[in-house]
Engineer: 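Sending over a structure as structure tokens; questions will come in a sec.
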Amino acid sequence: MRITFCQGVLAIAITLNLLILYYILRLQQRVLRRHRDHTQPGSRQQLAPLKPGMTILIREFEDFENYVPDVVRSFIRQNPEVPVVVAADHLPYPPMVLPSTPNVKVLILKPAPDQPASASRPEVYVRTEYVALVPDGVKADATFQLERMLEELKAGQGKVEMVAAPVHSLAPLQCLNLKVSLRRWTAEYTAAPPSSKVCTALRGEAVLLLHTKDLFNLSMPLAKPLLTSLFIQTSLREWAVRILDISFSAVHRPLFTSSHNQWKADNLAKASHLQLFQDFGIKRVILEDGKEQWFGCSKETPRCFGTIHDDTPEYLYQNRWTPPCCLRALRETAKYVINVLETSGVRYWLEGGTLLGAARHQDIIPWDYDVDLGIYLEDIPNCELLRNADSGSVVDERGFVWEKAIEGDFYRVQFSEHNHLHVDLWPFYPKNGLMTKDTWMDHRQDVEFPEHFLKPLVPIPFAGFLALAPNDYRSFLELKFGEGVIENPEYPNPALKRMEKEH
Ligand code: ZN
Ligand code: MG
């Protein structure tokens, strides 16, 4: 069959047309797909800019007894247009009967699998420039209360980020200063002078007003207990709150009518405290009256940190030091073990990093994870607990666990069966004037040394008591770690993690 010139041109034209059609279709499909991605529920949506004015946000109340509907009504009576958001962890039960106007919304903070993420995000609900955090059972007596708060906040621009109006309740509102050190896992409250009005934390009940943007720039803006959580976060950002001479009245105080409900509420508050400190990594709280609260490990719980790799515990990577509960347990174990050694006639001395800490500041190095002691090998038979440890681990009457380490010829005393914080005991023996041993760890400080350092041993303050150390311990430490080691602190493995300045 012969193809004419015309037929050829036609065939080429048809092919070209088909190709063009194909490309147009593909392009169209791509545009459609992109459009669909943008309109899918839960996809990133741009929020409208914040409107002037404020939103009333009620966050803390109990399902089983609350006055939230009264609170909402009292604010709406003053200003029917005011946006109100009731934020709850889950749908309140029994159901809450709130005024059914479009400006009153319930926000459930727990995400639901059939809802977009935005449905549980508070910043989607609070769309005004300012937000007032209102406790349960509080009544708006007059519109000027919130308006005056707003004026005060605007007037204090730059000096304070929040203003607080006390709630007339059983306890007066206290002005406190709060210092949080994440590095030390510690929050410390101190009472501000009696006349102070500018604080970094409050204790008591208050209506708090702040910029919506500020609130939602916090890491956990609505975590409970609300004020405790808020001031931990704001004090880390060096924000301040001013106590105003405007106050709100409480409709119901005490909030709970029965002692059973009060007990339930107290238990829930305790649980949310615990959860909050766990979430924020705070293990020690010092209250304004000097009392201490601990949220860290104990004899009944495991050690706060896992197995150490390359001499660098996990908390150093988090830019934190040894949890204070662990330091406390290490001090207690060291004091106890040293007492046992002294009474049973085992010569010992502070070793390695432990001696370094004693020389530097009479305590365990704030980022150390164990305590090391040297002992005379020949003295081991004097101590029953060490003798028994040779044939398996022994739990003594105080709950400490004595055992021969699996890693080599040394002993280990653990804080408890659950909590493996420990003191290591390294047996040395003299050989030609040098102290030596049979198991060596891959540590710079693990070297032989002249016995004259132990003749005599000298007392040194350590961890709140007197312990024994090699004489001339400066030379001893410089022999082991290098010159200037006392004056120049560094982490155990600087190649992996170097020390940084605390901000
Ligand atoms: Zn601990
Ligand atoms: Mg050590």
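Predicted model, so just to flag it, every value in this text is computed and none were measured. Order of listing sets the numbers, starting from 1, for every ligand and every atom in it. Keep in mind that the numbers below use all heavy atoms, side chains included, and drop hydrogens, waters and symmetry copies.
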Engineer: Hey, would you say the Trp402 and Tyr411 ring centroids sit under 6.0 Å apart?
Structural biologist: no
Engineer: If we check side-chain contact (heavy atoms from CB on, under 4.5 Å) with Leu218, which of these qualifies: Leu230, Ile232, Leu210?
Structural biologist: Leu230
Engineer: SG-SG distance between Cys297 and Cys326 under 2.5 Å?
Structural biologist: no
Engineer: Under 6.0 Å from the ring centre and within 45 degrees of the ring axis: does the NZ or CZ of Arg303 meet both conditions for the six-membered ring of Phe415?
Structural biologist: no
Engineer: Can you list the residues that meet the ring pair (Phe, Tyr, Trp, His ring centres under 6.0 Å) rule with Phe305, with sequence neighbours excluded?
Structural biologist: Tyr315
Engineer: Scan the side chains in residues 448-463 for donor-acceptor partners under 3.5 Å anywhere in the protein, sequence neighbours excluded, and list what turns up.
Structural biologist:
{"residue": "Glu448", "atom": "OE2", "partner": "Thr436", "partner atom": "OG1", "Å": "2.6"}
{"residue": "Glu451", "atom": "OE2", "partner": "Tyr376", "partner atom": "OH", "Å": "2.9"}

Engineer: Under a 4.0 Å N-O cut-off, is there an ion pair linking Arg284 with Glu292?
Structural biologist: yes
Engineer: Would you mind checking if Asp363 and Arg331 are paired as a salt bridge, meaning a charged N to carboxylate O distance below 4.0 Å?
Structural biologist: yes
Engineer: Excluding waters, how many protein N/O/S atoms sit closer than 2.8 Å to the Mg ion (ligand 2)?
Structural biologist: 2
Engineer: What protein N, O or S atoms come within a distance below 2.8 Å of the Zn ion (ligand 1), ordered by chain and number?
Structural biologist: Cys297 SG, Cys304 SG, Cys325 SG, Cys326 SG
Engineer: Would you kindly check if the NZ (Lys) or CZ (Arg) of Lys437 is within the cone defined by 45 degrees around the ring axis of Phe428 and under 6.0 Å from the six-membered ring centre?
Structural biologist: yes
